[in-house]
Amino acid sequence: MSVVGVLVSGNGSNLQSLLDASRDGRLGAPVGFVLSNKPGVLALERARRAGVPSEVLSHREFPSREAFDARVVERLRAHGVDTVVLAGFLRVVTGVLLDAFPQRVVNIHPSLLPAFPGLDAQAQALVHGVKVTGCTVHLVDPGLDSGPILAQRAVAVLPDDTVETLRDRILAEEHKILPEMVAALVGGRVRLDGRRVTVLPVPPGQ
Ligand code: GRF
């Protein structure tokens with residue numbers, strides 16, 4: 001059976017959606033390990049409350065991104081992880097992590113990629129003046145928020161939206177599609193054809 005590992009840096013509301021889905025049987029796999037690159041964040045408390053082992057690994061203690069990722073891989077493997085979710089993990093990952101878990105690293109991003117990659121995607125959307133934005137779950141490749149797309153949800157931008165109000169409405173959608181796509185991945189329902197991904201439906205009776 002698959003074991004999901006979640007990398008976080010902050011609030012961890014997406015982590016919570018995975019913990020809840022795992023508890024309810026919707027994920028089809030346990031969340032077996034949570035790793036944060038920052039100490040004292042709420043995500044770590046969420047892991048503790050759910051009884052999931054967690055660790056803090058500060059990237060500042062490593063001479064390079066690759067050296068940090070090598071230790072991350074070692075900690076994930078030590079907990080039997082085979083599927084990795086970047087859930088608000090504010091680090092660019094390298095080939096060291098991606099090669100260790102081929103096509104098994106997933107990211108959630110708060111825009112309709114390829115629009116607004118990188119930081120502050122909600123603010124980017126407001127500044128640009130788009131009428132629709134949303135969120136994207138994608139497989140991670142070496143680029144910035146550039147891997148094959150598993151799922152997207154659209155969210156309307158309202159005339160009086162602030163970064164905060166828009167962020168919260170996008171997050172509500174993130175919390176739906178992230179567990180669904182992680183369930184598809186661990187359930188072997190993801191087919192990749194170049195950049196095009198087909199997510200097969202849950203077989204009847206499951
Ligand atoms: C989310 O908006 C996610 O899309 C982005 O970082 C934020 C993390 O939020 N990558 P949380 O820590 O899961 O609450």
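Quantities reported herein were computed from a predicted structural model and do not represent experimental measurements. Just so you know, ligand 1 is whichever comes first in the structure, and atom 1 is the first atom listed for that ligand. The chain is numbered in sequence order, starting from 1. Just so you know, these numbers use all the heavy atoms, side chains as well, and skip hydrogens, waters and symmetry mates.
- Contact of the P30 side chain with the M1 side chain is registered, since non-hydrogen atoms from C-beta on lie closer than 4.5 Å.
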R169 and E173: salt bridge (Lys or Arg N to Asp or Glu O under 4.0 Å), yes or no, with the steps? CA-CA 7 Å; R169 289 206 314 291; E173 299 304 319; over 6 Å; no

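- Using a 4.5 Å heavy-atom cutoff, the side chains of L86 and R91 are not in contact.
- Considering backbone and side-chain atoms alike, E174 places an N or O below 3.5 Å from some N or O of ligand 1.
- Close contacts of ligand 1 with H109, meaning ligand atoms under 4.0 Å from a residue heavy atom, involve 4 (O).
- When all heavy atoms of S22 and A29 are compared, the closest pair comes out as OG-O, 3.0 Å.
- Contact atoms of ligand 1 toward N11: 12 (O), 14 (O) (distance under 4.0 Å to a heavy atom of the residue).
- Of the polar atoms of G10, none of the N or O atoms is found under 3.5 Å from an N or O of ligand 1, judged by distance alone.
- Geometrically, R77 does not engage F33 in a cation-pi contact, judged by NZ or CZ lying under 6.0 Å from the ring centre and within 45° of the ring axis.
- Taking the six-membered ring where tryptophan is involved, the planes of F89 and F68 are essentially parallel, since the angle between them stays under 30° and well short of 60°.
- Close contacts between ligand 1 and I108 involve ligand atoms 3 (C), 4 (O), 5 (C), 10 (N) [criterion: under 4.0 Å to a heavy atom].
- Taking a cut-off of under 4.0 Å to the non-hydrogen atoms of G88, the atoms of ligand 1 that pass are 6 (O), 8 (C), 10 (N).
- Atom numbering of ligand 1 starts at 1 in the shown order; those under 4.0 Å from a heavy atom of P110 are 2 (O), 4 (O), 5 (C).
- The N/O atoms of G12, backbone and side chain alike, include one that comes under 3.5 Å of an N/O atom in ligand 1.
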